[in-house]
Amino acid sequence: MISQWCKSQGIELPNPVMDGKEEGVTEAERDRFFSLLDKLCAALPQQKEAAKELRMLTKKMPSFRALFGESVDAIPQLLTPLSGSKSESGVHPDLQEDVITTLLNLSIHDSNKKLVAETPMVIPLLMEALRSGTIETRSNAAATLFTLSALDSNKALIGKSGALKPLIDLLDEGHPLAMKDVASAIFNLCIIHENKARAVRDSAVSVILKKIMDGVLVDELLAILAMLSTHQRAIEEIGELGGVPCLLRIIRESTCERNKENCIAILHTVCLNDRTKWKALREEESTHGTISKLAQDGTSRAKRKANGILERLRRAVNITHTA
């Protein structure tokens, strides 16, 4: 998934063969690297020039990504223009964009993921960029959190730092340039249980359902909703916010098997936890035969979930008749 995203952004992934030669970085390249870092502590024009060049070098050359991992001060120096700016006008938007995008380029390098995430100012500055940058800066901040969250330890760290809230807020804004990066970051972070709870608390379910109902990024957001549906409060919100009819409609109308599978998986959990929704499921089955069709024609997982719902509905009818 990360490799596909990188290709779409025109970012060159590290080549294992090249990585093996990274210790052979020339002295001239090292001198250039440290000179650029020094300029980030200078006046604004020098900062902007250095940040733009570092962005370009870390995009094109894996060796420059690796250099950041060799110096304990390199990442804090990169962040100097953002963390040190206390002026009323704030950080220059171009400068912020270049620094954040350089962080993104660094985080693609596997050896840097832990180092980048654990540098104290990185995640707070990424969160600030999600809230206040240009749309490209905000998108790249989300993409950086996505790439960093490839490590489980980073998933936990990013979640504890409170980064899900600005990601969900940006998803709610719905800017088309940022949506996929934001959704990818939220999905990756919510793989671990404690982040599901945080996402639900930060209004992820209502934001995601609203987007799905509007037909926005349906594939990606259904996958996140299916993941969140293992959380009790998420299931309650799906029921309260009109999610059941929406999910049934997608099963009826969609041609995407994965979307149907995610929908029926969510509905199965709803069915197990909320008897008040059985009536809607029975009516859908009576009118359209939606669940029966999926039980016959869906993926193996979709068939299993659909049959589970049908069995529960049949048992409920039998108990009623017996009573």
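Counting begins at 1 with the first residue of the sequence. Values below: every heavy atom of this structure, side chains too, minus hydrogens, waters and symmetry copies. Quick caveat: nothing in here was measured; it's all calculated off a predicted structure.
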Supply the atom-to-atom distance [X] [atom1] to [Y] [atom2], rounded to the nearest 0.5 angstrom.
{"X": "Leu222", "Y": "Ser229", "atom1": "CG", "atom2": "OG", "answer": "10.5 Å"}
{"X": "Lys293", "Y": "Lys260", "atom1": "NZ", "atom2": "NZ", "answer": "9.5 Å"}
{"X": "Lys39", "Y": "Lys48", "atom1": "NZ", "atom2": "NZ", "answer": "14.0 Å"}
{"X": "Arg252", "Y": "Leu294", "atom1": "CZ", "atom2": "CG", "answer": "13.0 Å"}
{"X": "Ile100", "Y": "Glu128", "atom1": "CD1", "atom2": "CD", "answer": "9.5 Å"}
{"X": "Ile264", "Y": "Lys305", "atom1": "CD1", "atom2": "NZ", "answer": "10.0 Å"}

Q. Given the rule in the side chain to side chain contact (heavy atoms under 4.5 Å, CB included) test, do Ile186 and Leu221 qualify, once you have shown the distances and angles that lead to the verdict?
A. CA-CA 10 Å; Ile186 294 171; Leu221 296 182; over 6 Å; no
Please check if the side chain of [X] supplies one atom and the backbone of [Y] the other of a donor-acceptor pair under 3.5 Å.
{"X": "Thr230", "Y": "Met227", "value": "yes"}
{"X": "Lys196", "Y": "Leu189", "value": "no"}
{"X": "Ser292", "Y": "Gly289", "value": "no"}
{"X": "Ser286", "Y": "Glu283", "value": "no"}
{"X": "Trp278", "Y": "Cys271", "value": "yes"}
{"X": "Asp172", "Y": "Ile168", "value": "no"}
{"X": "Ser139", "Y": "Ile135", "value": "no"}
{"X": "Thr80", "Y": "Pro76", "value": "yes"}
{"X": "Lys113", "Y": "Ser107", "value": "yes"}
{"X": "His288", "Y": "Thr290", "value": "no"}

Q. What do the steps show when you test Gln47 against Cys41 for side chain to side chain contact (heavy atoms under 4.5 Å, CB included), and what is the final call?
A. CA-CA 7 Å; Gln47 287 182 337; Cys41 300; 5.9 Å; no
Q) Given the rule in the side chain to side chain donor-acceptor pair (under 3.5 Å) test, do Asp274 and Thr276 qualify, once you have shown the distances and angles that lead to the verdict? A) CA-CA 5 Å; Asp274 186 356; Thr276 67; 2.5 Å; yes
Q | Working for salt bridge (Lys or Arg N to Asp or Glu O under 4.0 Å), residues Arg282 and Glu285 | A | CA-CA 5 Å; Arg282 277 197 297 268; Glu285 185 59 19; over 6 Å; no
Given the rule that I, L, V, M, F, W and Y join up when any side-chain heavy atoms are under 4.5 Å apart, are [X] and [Y] in one cluster?
{"X": "Leu145", "Y": "Leu151", "value": "no"}
{"X": "Leu167", "Y": "Leu157", "value": "yes"}
{"X": "Leu228", "Y": "Val216", "value": "yes"}
{"X": "Leu106", "Y": "Met121", "value": "yes"}
{"X": "Leu248", "Y": "Leu272", "value": "no"}

Would a 4.5 Å heavy-atom cut-off, applied to side chains only, mark [X] and [Y] as touching?
{"X": "Glu136", "Y": "Leu177", "result": "no"}
{"X": "Thr269", "Y": "Ile266", "result": "no"}
{"X": "Arg258", "Y": "Asp219", "result": "no"}
{"X": "Leu281", "Y": "Glu284", "result": "no"}
{"X": "Arg131", "Y": "Arg138", "result": "no"}
{"X": "Leu225", "Y": "Lys211", "result": "no"}
{"X": "Phe64", "Y": "Glu29", "result": "yes"}
{"X": "Arg55", "Y": "Glu97", "result": "yes"}

**Q.** Salt-bridge contact Glu194-Lys155 (side-chain N to carboxylate O under 4.0 Å)
**A.**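 Looking at Glu194 and Lys155, the cut-off is not met.
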Donor + acceptor pair across side chains of [X], [Y] (<3.5 Å):
{"X": "Thr299", "Y": "Glu257", "value": "no"}
{"X": "Ser149", "Y": "Asn154", "value": "no"}
{"X": "Thr137", "Y": "Thr134", "value": "yes"}

Q) Hey, which of Asn140, Leu57, Thr58 is the one that makes side-chain contact (heavy atoms from CB on, under 4.5 Å) with Thr102? A)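 Looking at Asn140, Leu57, Thr58, the match for Thr102 under the side-chain contact (heavy atoms from CB on, under 4.5 Å) is Thr58.
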Q: Using the ring pair (Phe, Tyr, Trp, His ring centres under 6.0 Å) rule, take Phe68 and Phe33 through it: C-alpha gap first, then chi angles, then the decisive distance, then the call.
A: CA-CA 9 Å; Phe68 273 90; Phe33 172 71; 4.9 Å; yes
**Q.** Audit row: Arg314, Glu311, salt bridge (Lys or Arg N to Asp or Glu O under 4.0 Å) steps and yes/no
**A.** CA-CA 5 Å; Arg314 278 194 292 267; Glu311 179 58 31; 3.4 Å; yes
Can you see which heavy atom on [X] is nearest to which on [Y], and at what distance?
{"X": "Met213", "Y": "Gly242", "answer": "CE-O, 3.4 Å"}
{"X": "Pro81", "Y": "Leu78", "answer": "CD-O, 3.2 Å"}
{"X": "Ala199", "Y": "Cys190", "answer": "CB-SG, 3.7 Å"}
{"X": "Asn307", "Y": "Ala295", "answer": "OD1-CB, 3.5 Å"}
{"X": "Ala223", "Y": "Asn262", "answer": "CA-ND2, 3.7 Å"}
{"X": "Ala50", "Y": "Leu40", "answer": "CB-CD2, 4.0 Å"}

Q: I would like to know whether Lys165 and Asp169 meet salt bridge (Lys or Arg N to Asp or Glu O under 4.0 Å); could you show each step before the answer?
A: CA-CA 6 Å; Lys165 180 70 169 110; Asp169 289 345; 2.9 Å; yes
(Q) Would you say NZ of Lys114 has more than 12 non-hydrogen atoms from neighbouring residues, nucleotides or ligands within 6.0 angstrom? (A)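 Atom NZ in Lys114 is not crowded, with 12 or fewer foreign heavy atoms closer than 6.0 Å.
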Q.
Set out, in order, the CA-CA distance, both residues' side-chain angles and the distance that settles side chain to side chain contact (heavy atoms under 4.5 Å, CB included) for Leu54 and Asn105, then state yes or no.
A. CA-CA 10 Å; Leu54 282 168; Asn105 296 342; over 6 Å; no
**Q.** Worked verdict on Leu267 versus Ile251 for side chain to side chain contact (heavy atoms under 4.5 Å, CB included)
**A.** CA-CA 11 Å; Leu267 289 168; Ile251 296 173; 3.7 Å; yes
